Amino acid sequence: MPCTDVIIIGGGLSALVAAKKLSKHKNVIIFTKSTKTSSNSYMAQGGVAAAIGKDDDWSSHFKDTMAAGCHYNLSDQVRTLVQQGPAQIKQLMKEGLEFDQETGGSIALGKEGAHSRRRILHAGGDATGKAMTTFLLHQISDNVTIIEQEMAVDLITERGRCRGIKSIDKNGSVRHHFAEHTVIATGGVGSLYKFTSNHSSVIGDGIAMAYRAGVELVDLEFIQFHPTMLYQHGEVLGLVSEAVRGEGAFLVDEHGRKIMDNVHPLGDLAPRDVVAREIYNQIQQGIDVFLDISPVSNFSKRFPTIHRLCQEHDLNGSPLLPVIPGSHFLMGGIKTGKGGETSLPGLYAVGEAAWTGVHGANRIASNSLLEGIVFGDLTAENILSKAPSLLVNHPVFSNAQTFKGTLPEKDAIRWMMAEYAGVVRNQQGLTKLKKWLEEFFDPHGPITIDNRETAEKVNMLTVAWLITTSALARRESRGGHYRTDFPVSSTEWKNKRITRQLQKQAAVI
Ligand code: SIN
């Protein structure tokens with residue numbers, strides 16, 4: 001049975017950065033369950049934060065990242081991120097990646113919430129993710145095989161090591177692919193929720209797979225809700241970047257009253273959880289909320305993607321854009337070390353699927369593309385430093401039962417998650433959600449899956465259950481995790497993390 005050097009599951013920015021470095025020395029195959037441009041990275045409007053301005057330095061970026069993360073971040077990892085970030089960005093620029101410039105030719109630096117300086121680089125205005133992923137896809141095109149429409153459904157493990165993946169190809173056939181190293185880069189969990197900024201395919205597949213393989217997970221209760229999703233007729237149309245507020249736009253209620261002035265000293269650029277909660281509370285009271293973009297000069301040029309979105313939905317006649325919060329980013333994930341290594345030898349994780357510890361309880365804007373670049377590179381370096389393992393190339397199949405049973409519709413899961421594990425949570429709602437999820441599957445039992453629809457639903461239920469039970473366990477509020485029954489941060493919980501592993505109780509460490 002052939003064995004590849006490295007399999008990467010998912011095709012976002014961190015996957016491409018890792019693939020680029022690895023492919024100089026190794027055979028790399030990327031599997032993506034949809035297409036190579038169907039990723040959150042590709043959709044990212046916000047830019048990439050890096051201390052490259054004349055008035056800026058890594059220590060200021062470090063301070064802002066730690067403060068936004070409620071000082072719950074791993075400080076060593078944050079230091080790595082903000083110190084290595086600028087050099088990585090400059091290297092990409094040297095290789096030809098173009099970021100937006102001021103008239104005089106210097107790099108244009110934008111401002112976003114909780115950053116004390118202008119330090120956000122953009123490309124194509126609000127199409128930074130598209131520009132960066134397209135650039136990298138072009139760079140790797142000759143050396144990396146990308147297999148689209150093939151979904152990894154489980155990890156193959158043998159004698160305590162990850163040996164590759166089980167997948168379902170575009171014809172629905174089950175396949176097994178063996179690899180010396182396997183990297184999960186499947187993104188976060190945004191589309192577990194009714195309203196989200198994420199691509200619809202982003203439902204926590206990699207996290208569910210890792211859980212089934214007994215890999216350690218951490219901090220799953222910390223989910224960031226973006227305050228401003230463009231909203232019309234009960235549907236979210238897309239993201240309105242925080243950079244729009246960075247350029248002066250402000251939030252008003254349906255009576256034209258500014259809603260953030262008396263809520264937080266930073267007003268409209270307060271931490272995202274604060275802004276999202278305020279909008280959520282207004283909407284709960286039946287009051288509509290709008291983003292007033294009238295102060296933003298040259299809106300259509302500066303934010304072409306959002307402008308086009310508004311045009312497509314006849315929303316460009318007024319400066320008031322209707323908004324609602326939506327799930328945006330998972331701070332927790334598969335627990336990784338400095339080089340992307342997980343608790344299972346041979347398995348690595350990068351990007352939003354990975355927990356590197358850099359985001360703490362709340363990610364500061366535009367640090368996720370940076371994390372993808374820095375930790376994608378470090379993970380590749382780590383893999384390249386490994387001596388070959390003595391692979392035995394024969395398939396090892398689990399004797400778990402094939403999943404049978406009735407599963408809920410995906411939209412039902414999304415509705416329940418938004419209602420009970422969303423912007424605002426409490427014991428009663430989370431308990432109701434946990435019971436509902438457990439009606440459909442046994443989260444502790446081994447499961448094998450042989451069709452794609454079942455795989456996606458089981459993955460959604462698994463990760464929804466992990467988020468719900470982690471949120472129940474954390475009896476306090478901090479960053480992206482807010483409970484009405486424990487509305488303040490507790491010193492007792494300050495340095496505690498909730499880790500999850502199959503067939504083990506949630507552990508507080
Ligand atoms: C935004 O542009 O508001 C989103 C960017 C990010 O979350 O980093």
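Here the structure is a predicted model, which is why all the values come from computation and not from measurement. Counting convention: from 1, in listed order, for ligands and their atoms alike.
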Original post:
For atom 5 (C) of ligand 1, which of Gly47, Ala365, Gly46 has the closest heavy atom?
Top reply: Gly46
Original post:
Any cation-pi pair here, Arg414 with Phe195, using under 6.0 Å and within 45°?
Top reply: no
Original post:
Just which atoms of ligand 1 are under 4.0 Å from any heavy atom in Ser366?
Top reply: 6 (C), 8 (O)
**OP:** Validate the cation-pi geometry between Arg475 and Phe486: distance from NZ or CZ to the six-membered ring centre under 6.0 Å, angle to the ring axis within 45°.
**Re:** no
Original post:
Taking the minimum heavy-atom distance to atom 6 (C) of ligand 1, which of Glu112, His226, Arg363, Glu242 ranks first?
Top reply: Arg363
Original post:
Taking both backbone and side-chain atoms of Gln224, is any N or O found less than 3.5 Å from an N or O belonging to ligand 1?
Top reply: no
Subject >> For ligand 1, the portion of Arg272 having any non-hydrogen atom under 4.0 Å away >> reply: side chain
**OP:** Establish, yes or no, whether the cationic atom of Arg245 lies under 6.0 Å from the six-membered ring centre of Phe250 and within 45° of the ring axis.
**Re:** no
Original post:
Between Arg277 and Tyr482, is NZ or CZ placed under 6.0 angstrom from the six-membered ring centre and within 45° of the ring axis?
Top reply: yes
Subject >> Qualifying residue, where the test is salt bridge (Lys or Arg N to Asp or Glu O under 4.0 Å) with Glu381 and the options are Lys338, Lys21, Lys20 >> reply: Lys21
**OP:** Examine Ser241 against ligand 1 and note whether any of their N/O atoms are separated by less than 3.5 Å.
**Re:** yes
